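Report on one structure; see the data block that follows.
Note that ligands are numbered from 1 as they come in the structure, with each ligand's atoms numbered from 1 the same way. Keep in mind it's a predicted model, so treat the numbers as computed, not measured.
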Amino acid sequence: MAADGRIHHRGYHSEMTRDDRLPRDAQSILELAARSMFELFANASEGMMLVDRDGRVVWINDQYRRFLPALGFEREEDFVGHPVSRVVQNTQMHQVLATGKPILIDLLTNRAGTFVVSRIPLRDDAGEVIGVLGIVLFDHPETTLQPLISKFARLEQDLSEARRELASQRRTKYTFASFVGSSAAALEVKRQARRAAQSASPVLLLGETGTGKELLAHAIHAASPRAGRPFVSVNMAAVPDTLLEAEFFGVAPGAYTGADKKGRDGKFKLADGGTLFLDELGDMPMSVQVKLLRALQEGEIEPLGSNKLVSFDVRVVAATSRDLQQMVREGSFREDLYYRLNVLPIRVPPLRERQDDITLLIEALCEDIAARGGGAQLELTADAQALLGAQPWRGNIRELRNVLEQLALRSDTHHIEAAQVDAVLREAGLPALAPTAVARSVPRPLPAGDLRPLPEQIAELEQRAIGLALAQTGGNRTAAARLLGISRASLYDRLAGQGDLSEFQTIV
Ligand SMILES: Nc1ncnc2c1ncn2[C@@H]1O[C@H](COP(=O)(O)OP(=O)(O)OP(=O)(O)O)[C@@H](O)[C@H]1O
Ligand SMILES: [Mg+2]
């Protein structure tokens, strides 16, 4: 190749280069260098080919000929003379022809294998691209370049996973059709949520754990004029208090050293034009409540470490299972923020207020479980359904779903009788009594022989209660703490002291 980056060729390898600015002997050395480089490549590479300005293969060398059978060609004339894009799958030669830019190193995978290749445009004296030289630098890169290739493959995989996750987070998963229920209470919730979708005001979803608040938040976004824009959630219970501010407002470049040096967009920015879902609102620390209120009032945020205000356009949907009014009275939730968010409150009823929906829900949930698990859909006998219908469902639809998932996992057949339901309910710590007996439910007495040291029994009871609460809430620790009437922090303390509780989280 010449100093000006051009390859001049006549009959493909006679005169390789010419630079009129060079003295004669330097010129001949350069030509020699170009020729020996070409020869070096021709010998050291695994194969070379040339295509003309129309993208047709016009020449291949002996080494290249070895690939023909693997590419699907018995005879050379079926390959040479034909458009390269037709005879070599996934080739980029025509790309180089079109842009005139070399691809110095690339991985090419096709039916013949994976190759490290190089593609260099050939120009005439006027600088016009008249063809492309393709060089197979290595075949079997998986052996020669193993470390590099596996690193590349790993990065590619990480990237596509991250992309997938991001896409699924930003896309709403549910629409109103996903909110199953035809009882009066369910229809009323859907009516209110549909109306809220058309408004730009904040929505506040209030209801017990597992009633479908998150599902409704997605559905409201999907039915709103912002449906084409991002849906971004922040779960107050899942993000440590100290990180929440950065999570919401972002970090300016250079504000920190290390991982955050480049700065990071906050959720307000990510949700721009779309919906910001504030999940577990009641768990928001006071310090962040103040900043959130200011952001909502001003319509502007200030990323950490920056002194610039950035305006945003988000629609806020918040959800909580806590009693916010009570929290306001106790002083643990700011009254001004409460009023700011409580513009369109929607009360999501617990399952026990919409018992009529249980049959429909069982059907829909079983269908979903089968679709995800790939097995046959469960069919419950009338007795089995009646047994489920008589449960108190403190964990609501999430708990019902967990029980059905357990049934699908445990039973060998898809036909489910009341006895199997009874067994699973017992294990989940639900009353598991015949429907008519539910009203008479009484605590079972301790076996008389079970007299062990009191601290031991208490610890065991505590452990069991925590396990059951986690099972009922699908591993949701905030919700479990609430069911147990203890703080999230003290639940975490107790969990930290008990190694064997993890099984409760994996079975649900
Ligand atoms: N009406 C419904 N129809 C079908 N599935 C539902 C319905 N409501 C809830 N679910 C399912 O129940 C589970 C719990 O719902 P979701 O996460 O929305 O509850 P939540 O109110 O946000 O609970 P938490 O307060 O514990 O966060 C999810 O799997 C959801 O898909
Ligand atoms: Mg939720």
Side-chain angles (χ1 to χ4, degrees), residues 168-169 172-194 203-223 231-239 275-284 317-324 327 345-373 388 391 393-406 408 469-484 488 491 505 508:
S168 77
Q169 280 173 4
T172 35
K173 288 179 269 190
Y174 306 104
T175 61
F176 285 116
S178 332
F179 191 90
V180 175
S182 58
S183 63
L187 294 180
E188 175 58 17
V189 169
K190 282 204 260 193
R191 190 188 63 81
Q192 290 180 15
R194 274 208 185 86
V203 180
L204 183 57
L205 298 163
L206 300 163
E208 290 176 16
T209 182
T211 46
K213 298 184 294 295
E214 184 174 350
L215 190 159
L216 280 171
H218 280 267
I220 289 171
H221 171 76
F231 176 90
V232 175
S233 323
V234 189
N235 185 328
M236 306 318 138
V239 182
T275 303
L276 182 63
F277 177 44
L278 309 177
D279 202 2
E280 313 281 1
L281 178 69
D283 291 82
M284 181 181 277
V317 176
T320 186
S321 47
R322 309 275 287 264
D323 183 345
L324 283 186
M327 291 180 71
I346 298 177
R347 181 180 172 273
V348 190
L351 188 47
R352 62 184 172 280
E353 286 178 22
R354 36 185 291 226
Q355 295 273 357
D356 293 354
D357 289 334
I358 289 223
T359 314
L360 261 185
L361 276 166
I362 292 174
E363 171 99 22
L365 293 170
C366 286
E367 199 179 301
D368 189 56
I369 292 165
R372 283 167 202 261
L388 289 175
Q391 298 305 314
W393 299 121
R394 280 185 305 155
N396 293 295
I397 297 151
R398 182 182 294 112
E399 189 180 23
L400 172 61
R401 188 188 169 100
N402 289 342
V403 166
L404 294 170
E405 270 171 0
Q406 285 301 305
L470 285 170
Q472 283 192 16
T473 59
N476 180 332
R477 293 175 178 196
T478 306
R482 216 168 295 137
L483 281 181
L484 294 165
R488 191 158 56 104
L491 175 67
Q505 288 147 53
V508 293

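Contacts of A319 with ligand 1, taken as heavy-atom pairs under 4.0 Å, are absent altogether. Contacts between R482 and ligand 1, counted as non-hydrogen atom pairs separated by less than 4.0 Å, are absent for every part of the residue. In D357, neither the side chain nor the backbone holds a heavy atom less than 4.0 Å from any atom of ligand 1.
By the side chain to side chain contact (heavy atoms under 4.5 Å, CB included) test, A408 pairs with I369, L378, sequence neighbours left out. Scored by the side chain to side chain contact (heavy atoms under 4.5 Å, CB included) test, T320 finds L206, L281, R322, L324 as partners (sequence neighbours excluded).
Taking distance alone, with nitrogen or oxygen atoms compared against 3.5 Å, D279 stays at or beyond that limit from ligand 1. Distances between N or O atoms of G212 and those of ligand 1 include at least one value under 3.5 Å. Taking distance alone, with nitrogen or oxygen atoms compared against 3.5 Å, R401 stays at or beyond that limit from ligand 1. No N or O atom of L365 sits closer than 3.5 Å to an N or O atom of ligand 1. Residue G207 has no nitrogen or oxygen atom sitting less than 3.5 Å from a nitrogen or oxygen atom of ligand 1, judged on distance alone.
The nearest non-hydrogen atom to atom 25 (O) of ligand 1, considering only H218, K213, K190, E208, comes from K213.
Every atom of ligand 1 with a heavy atom of E280 under 4.0 Å away is listed here by number and element: 27 (O).
What sits closest to atom 22 (O) of ligand 1 on the protein, heavy atoms only, is E214 N, 3.2 Å.
Between R488 and E280, no side-chain nitrogen of the basic residue sits less than 4.0 Å from a carboxylate oxygen of the acidic one, so the salt-bridge criterion is not met.
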